[in-house]
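Single-structure report; data block below.
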Amino acid sequence: MRTGSSGTVAVLAGALSLGVLCAPPAQAADTGIEVTNMVVNGGRTIIVGPTVTQRPKFSFHVTLPRGVSFDDVDVHPVVHRYDTTPARAYERSAEIPWSGVNCGYAPSGGYDCKGDFYLDRSFLDSNGDATTWKFAVIAKLWEGSELKKEEFLTGLGYIRLKRDARVTVNASPEPVIKGRPITVIGKIIRADWALNKYTNYAGKQATLQFRKAGTNTYTVVRTVTANATGDLRAAVTASVDGYWRWSVGGTATTAGAGSTADYVDVR
């Protein structure tokens, strides 16, 4: 690989500024480079809060055409929204930023590459970014200092980005006399990438669940819909000692969430 070769491992250094690999334009053409087995974040959905930086890892395999040296090749991932092309995302710096690509010889031939992305508030500035993102790789073939060919290798997979959600719980009174009412409250919030904070998740349904002390299984007691400020409330009758919690299902744009468990001693 052209940038920063060291021993049998090639390192493509920081591309947080996505113009690092800028060069005189080359005609888009078949480079003969093949990329397979691309995986991002272990294949799992990427869940992002309003402030915490995420560093999801990626990996892919590169096969070069006969006679081409890895020293004359640049490859790096382009993860872009489903509603645009990798070329357009790359041109506008609208791809997910990545902080480095490390490639080494693969035992079966070719090269295995890996690295990580850098996701924070500065990139996700719209809740509309909670959607499907596609994988691609831009491959560049050099001859000395001249860029001869480049192409976007597409159809490598996809992943979803979702907004983080959280839910709290409080069951009271503690302790409580058997047969008396227990009030279980909670609050659902989710990440707002535009406002850079958690906001109330109004109208979202949550299930109230109970686990009897000394057992391992929760049962659903009832389903409650959060009010306009994301608050949950349910009244139940005290019967046995146990743990109360809220569970919130995920959607296409927002991750599911579960509260901690609140223990109530029934006397």
Side-chain angles (χ1 to χ4, degrees), residues 40-56 119-121 124-133 158-267:
V40 177
N41 200 42
R44 302 180 301 275
T45 296
I46 301 174
I47 301 170
V48 186
T51 57
V52 177
T53 298
Q54 297 280 355
R55 302 294 294 265
L119 269 174
D120 66 5
R121 168 68 177 82
L124 297 173
D125 57 3
S126 166
N127 293 323
D129 287 332
T131 186
T132 299
W133 292 70
Y158 64 90
I159 200 164
R160 290 201 70 90
L161 265 62
K162 290 188 178 184
R163 299 159 66 182
D164 185 37
R166 297 182 181 183
V167 59
T168 61
V169 66
N170 184 53
S172 63
E174 304 174 48
V176 65
I177 297 173
K178 185 175 182 179
R180 295 286 182 86
I182 297 173
T183 300
V184 186
I185 62 174
K187 189 177 188 69
I188 315 174
I189 56 176
R190 63 173 168 172
D192 190 314
W193 295 339
L195 298 178
N196 196 28
K197 65 180 182 179
Y198 284 97
T199 56
N200 300 330
Y201 199 169
K204 179 62 178 175
Q205 285 192 334
T207 57
L208 177 62
Q209 302 177 352
F210 177 74
R211 176 169 66 87
K212 182 180 177 181
T215 68
N216 297 317
T217 304
Y218 278 91
T219 58
V220 174
V221 177
R222 69 184 56 173
T223 300
V224 175
T225 301
N227 66 13
T229 56
D231 294 313
L232 301 164
R233 177 180 291 269
V236 294
T237 301
S239 58
V240 295
D241 298 348
Y243 301 85
W244 296 92
R245 72 180 185 184
W246 293 104
S247 179
V248 179
T251 69
T253 63
T254 304
S259 70
T260 58
D262 193 9
Y263 178 77
V264 176
D265 177 18
V266 177
R267 298 181 178 177

Closest heavy-atom pair, Val169 versus Thr260, reported as atoms and distance to 0.1 Å, is CG1-O, 3.1 Å
Do Ile185 and Arg233 have side chains that approach each other closer than 4.5 Å (heavy atoms only, starting at C-beta)? yes
Yes or no on side-chain hydrogen bond (donor to acceptor under 3.5 Å, both in side chains) for Arg166 and Tyr198, after CA distance, side-chain angles and deciding distance? CA-CA 9 Å; Arg166 297 182 181 183; Tyr198 284 97; 3.1 Å; yes
Reported OG-to-CH2 distance for the pair Ser259 and Trp244, which is rounded to 0.5 angstrom: 12.0 Å
Roughly how far, to the nearest 0.5 Å, is the OH atom of Tyr263 from the CZ atom of Arg211? 10.0 Å
Sequence neighbours excluded and cut-off under 3.5 Å, please list the side-chain donor-acceptor pairs for residues 45-54, or say none.
{"residue": "Gln54", "atom": "NE2", "partner": "Ile47", "partner atom": "O", "Å": "2.9"}

Contact between Val224 and Arg222 at the side-chain level, heavy atoms closer than 4.5 Å - yes or no? yes
In Å, rounded to the nearest 0.5 Å, how long is the span from NZ of Lys187 to CG of Leu232? 9.0 Å
Hey, what do you get for OG1 (Thr251) to CZ (Arg163), rounding to the nearest 0.5 Å? 8.5 Å
Check this for me: does any side-chain nitrogen of one of Asp265 and Arg267 sit under 4.0 Å from a carboxylate oxygen of the other? yes
Could you report the tightest heavy-atom contact between Val184 and Trp246, atom names first, then the distance? O-CZ2, 3.5 Å
Shortest non-hydrogen contact from Lys204 to Val248? CE-CG1, 3.4 Å
For Ile177, does the CD1 atom sit with more than 12 other heavy atoms under 6.0 Å from it, leaving out its own atoms? no
Approximate separation, where rounding is to 0.5 Å, of Ile189 CD1 and Tyr201 OH: 12.5 Å
Determine the minimum heavy-atom distance between Asn170 and Glu174, stating which atoms define it. OD1-OE2, 4.0 Å
Note, Asn127 side chain near Asp192 side chain (heavy atom, < 4.5 Å): yes
Least distance between heavy atoms, Ala228 atom then Asn200 atom: O-CB, 4.5 Å
